[in-house]
Amino acid sequence: MEEKLKLFLRTMISNGGSDLHLKSGAITRVRINGQLKLMGKDELSAEDIDGIARAITTAEQYEKLKIDKNLDFTYILGEDHRFRVNLFYQMDGLSAVFRIIPVKILSIDELGLPEAIKSFTQAQRGLVLVTGVTGSGKSTTLAAMIDKINRETNKHIITIEDPIEFIHKDRGCLINQRAIGQDTHSFSDALRAALREDPDIILVGEMRDLETIDIALHAANTGHLVFSTLHTLDAKETIDRIVGMFAKEEQNRIRASLASVLEGIISQRLVPTKKGGRMAGIEILKKTARIEQLIMENRDYEIPDALFEGKDIYGTQTFDQHLLDLIKADKITDEIALEYASNPSDLKLKMQGVGRGSIVREENKSTPEDVIGFKDE
């Protein structure tokens with residue numbers, strides 16, 4: 001059965017897919033440019049999927065799958081392809097999702113990310129969060145930032161991931177990568193231990209629970225640079241989510257701590273381009289005196305205006321501002337921009353030349369090369 005799986009995976013790769021979906025009693029599907037497409041016509045039986053699961057897991061992993069009813073791990077195909085795998089039970093038997101992990105780590109420039117993101121790699125301490133829904137490219141952006149630090153500085157970096165996705169080779173930096181389940185029991189355990197392992201930078205794959213968030217804030221407060229992710233749509237929601245995780249009597253303390261250590265929030269969504277691929281639309285929050293004050297005083301609703309107004313001075317931007325930039329660069333259509341906008345009615349006015357930051361249309365504009373290679377998170 002593993003040979004059949006390899007055939008599926010190679011077919012997905014050759015067609016530029018990002019995710020392979022196997023389900024008991026269903027035809028195999030692959031996600032290409034955000035859309036699920038059928039692969040072949042044959043349904044896989046429950047026995048087929050179970051056979052694949054047995055073939056690609058160790059005895060211990062298979063037993064853990066039977067007990068926990070789901071399992072995360074990494075699958076390697078040859079020397080050039082790695083996949084993040086999730087096996088899980090559903091009403092018809094086992095299902096599996098294989099997400100391709102690019103072996104080559106693309107740079108911030110190669111991904112077409114805003115220049116302002118580079119400033120976060122130069123921070124000496126604090127908390128930097130990359131947020132977005134599943135599949136929005138968070139891990140790709142984080143990998144690009146860590147790679148830049150690795151090439152340009154001499155620091156000790158510890159990553160805590162579930163599972164390890166991008167493999168970083170020691171260049172200027174010493175990098176220790178730890179996988180949940182294999183190298184440590186949990187994010188909170190590994191993060192607590194990391195504080196005794198002389199790190200300069202700690203990457204936490206995901207801040208899943210209150211304990212992990214609390215330790216991450218403590219690590220940032222004690223002079224470390226901490227990178228992590230959250231499944232939130234924008235900067236305002238990210239701050240509300242972190243503060244809201246704590247009991248009411250703790251929230252003022254957490255707001256003060258967060259306002260002090262937060263260096264930035266990068267919120268992203270993958271947007272279809274004119275040339276058929278996808279690229280990241282980005283909202284950027286950077287630490288300023290005004291942002292710190294708004295967080296401290298529970299005025300999160302004013303954050304979008306602060307980001308809008310800080311574009312030219314600080315490099316901050318709202319998601320809709322970046323959509324306007326992508327329209328100006330002729331990378332996305334007006335229709336796509338309105339579909340993905342946070343505030344479509346306001347964006348439409350700016351597209352018509354009304355209001356601050358509106359578009360000035362130009363004739364005979366040359367079309368820049370589209371960004372290639374940005375993979376799902």
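Counting begins at 1 with the first residue of the sequence.
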Taking it one step at a time, do M351 and L324 satisfy side chain to side chain contact (heavy atoms under 4.5 Å, CB included)?
CA-CA 8 Å; M351 288 162 57; L324 283 173; 4.0 Å; yes
Candidate pair R253 and E250, rule salt bridge (Lys or Arg N to Asp or Glu O under 4.0 Å), full reasoning
CA-CA 5 Å; R253 175 183 71 84; E250 286 284 292; 2.5 Å; yes
Determine whether K155 and Q124 satisfy the following criterion, side chain to side chain contact (heavy atoms under 4.5 Å, CB included), listing intermediate values before the conclusion.
CA-CA 11 Å; K155 297 184 177 181; Q124 298 302 306; 3.6 Å; yes
Under the salt bridge (Lys or Arg N to Asp or Glu O under 4.0 Å) rule, what do D300 and R255 come out as? Steps first, then yes or no, please.
CA-CA 11 Å; D300 301 341; R255 276 197 173 276; 2.8 Å; yes
When you look at H81 and V103, which way does the side chain to side chain contact (heavy atoms under 4.5 Å, CB included) test go after all the steps?
CA-CA 6 Å; H81 302 290; V103 174; 5.5 Å; no
Does K331 form a salt bridge (Lys or Arg N to Asp or Glu O under 4.0 Å) with D325? I'd like the steps, not just the answer.
CA-CA 9 Å; K331 291 183 177 178; D325 289 342; over 6 Å; no
Just do the side chain to side chain contact (heavy atoms under 4.5 Å, CB included) check on K350 and I327 with the steps written out, would you?
CA-CA 11 Å; K350 289 183 171 60; I327 292 173; over 6 Å; no
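V261 and V204 fall within a single hydrophobic cluster, where Ile, Leu, Val, Met, Phe, Trp and Tyr are joined by side-chain heavy atoms under 4.5 Å apart, directly or via other members. Taken together through direct or relayed side-chain contacts under 4.5 Å among Ile, Leu, Val, Met, Phe, Trp and Tyr, L191 and I180 form part of one hydrophobic cluster. At a threshold of 4.5 Å between side-chain heavy atoms, the hydrophobic network of Ile, Leu, Val, Met, Phe, Trp and Tyr places I282 and L106 in one connected group. Each of I101 and V85 belongs to its own hydrophobic cluster when Ile, Leu, Val, Met, Phe, Trp and Tyr are linked at side-chain heavy-atom distances under 4.5 angstrom. M245 and I295 fall within the same hydrophobic cluster, defined by Ile, Leu, Val, Met, Phe, Trp and Tyr side-chain heavy atoms under 4.5 Å apart, directly or through other members.
Ionic pairing of E152 and K118 is not present here: no N-O contact between side-chain nitrogen and carboxylate oxygen is shorter than 4.0 angstrom. Under 4.0 Å is where a charged nitrogen must lie from a carboxylate oxygen, and between D334 and K348 no such pair does. E237 and R241 are joined by a salt bridge, as a carboxylate oxygen and a charged side-chain nitrogen come within less than 4.0 angstrom of each other. Taking 4.0 Å as the cut-off between side-chain N and carboxylate O, R290 and D305 do not count as a salt-bridged pair.
The cationic atom of R269 (NZ for Lys, CZ for Arg) does not lie both less than 6.0 Å from the six-membered ring centre of Y340 and within 45° of the ring axis.
K23 NZ: 12 or fewer foreign heavy atoms inside a 6.0 Å radius. Remark: D42 CG is loosely packed, at most 12 non-hydrogen atoms of other residues, nucleotides or ligands lying under 6.0 Å away. The environment of D209 atom CG is dense: over 12 non-hydrogen atoms of other residues, nucleotides or ligands sit within 6.0 angstrom. Surrounding NZ of K69 are more than 12 heavy atoms belonging to other residues, nucleotides or ligands, all under 6.0 Å away. Shown here is K64, whose NZ atom has no more than 12 heavy atoms of other residues, nucleotides or ligands within 6.0 Å. By the 6.0 Å contact criterion, CZ on F8 is enclosed, its count of non-hydrogen atoms from other residues, nucleotides or ligands being greater than 12.
Atom OG in S342 sits 13.0 Å away from atom NE2 in H322 (nearest 0.5 Å). Here T238 contributes atom OG1 and I265 contributes atom CD1; the two are 4.5 Å apart, rounded to the nearest 0.5 Å. How far CG of D183 is from CD of E161: 10.5 Å, rounded to the nearest 0.5 Å. The distance from atom CG of L285 to atom CG of L294, rounded to the nearest 0.5 Å, is 9.5 Å. Atoms CD1 and CD1, on I201 and I157 in that order, are 4.5 Å from each other to the nearest 0.5 Å. Here CD1 of I284 is found 10.5 Å from OG1 of T318. Values are rounded to the nearest 0.5 Å.
At distances below 3.5 Å, not a single donor-acceptor pair connects side-chain atoms of E2 with backbone N or O atoms of I56. Remark: the backbone N or O of S139 is not paired with any side-chain donor or acceptor of E165 at under 3.5 angstrom. Using modelled atom types, one side-chain atom of N150 and one backbone atom of K169 make a donor-acceptor pair closer than 3.5 Å. A donor-acceptor contact shorter than 3.5 Å links the side chain of H156 to the backbone of D198. Side-chain atoms of N86 never come within 3.5 Å of backbone atoms of D72 as a donor-acceptor pair (strictly under, hydrogens ignored). Judged purely by atom type and a 3.5 angstrom limit, N221 has no side-chain atom pairing as donor or acceptor with the backbone of S257. Between the side chain of K138 and the main chain of G132, a donor-acceptor pair closer than 3.5 Å is present. In this structure, the side chain of N15 engages the main chain of T11 through a donor-acceptor pair within 3.5 Å.
Annotation: side chain of R84 is in contact with side chain of P163 (closest heavy-atom distance under 4.5 Å). Side chains of L87 and F73 form a contact here, defined as non-hydrogen atoms less than 4.5 Å apart. Side-chain contact between S45 and D48 is present, with at least one heavy-atom pair separated by less than 4.5 Å. Using a 4.5 Å heavy-atom threshold, the side chains of K287 and L262 count as separate. With a 4.5 Å cut-off on side-chain heavy atoms, M207 and L129 count as touching. Counting only heavy atoms from C-beta outward, the side chains of K4 and I52 never approach each other to under 4.5 Å. Counting heavy atoms from C-beta outward, I291 and Y314 have side chains that stay 4.5 Å or more apart. At a threshold of 4.5 Å between non-hydrogen side-chain atoms, the residues D214 and H218 do not count as touching.
No side-chain donor from either of Y301 and D240 sits under 3.5 Å from a side-chain acceptor of the other. Counting only N and O atoms by type, the side chains of T184 and R192 include no donor and acceptor under 3.5 Å apart.
Pairing each heavy atom of S260 with each of E292, the nearest pair is CA-OE2, 4.1 Å. Nearest approach of D320 to N343, heavy atoms of both residues: OD2-N, 3.0 Å. Of all non-hydrogen atoms in D109 and E115, the two that sit nearest each other are OD1-OE1, 4.0 Å. Scanning both residues, Q317 and P114, for their nearest heavy atoms gives NE2-CG, 3.7 Å. I49 and S24 get closest at one heavy-atom pair: CG1-OG, 3.6 Å. Heavy-atom minimum distance, F166 versus I164: O-CG2, 4.0 Å.
Aromatic ring orientation, F98 versus F83: perpendicular (interplanar angle above 60°, classes split at 30° and 60°).
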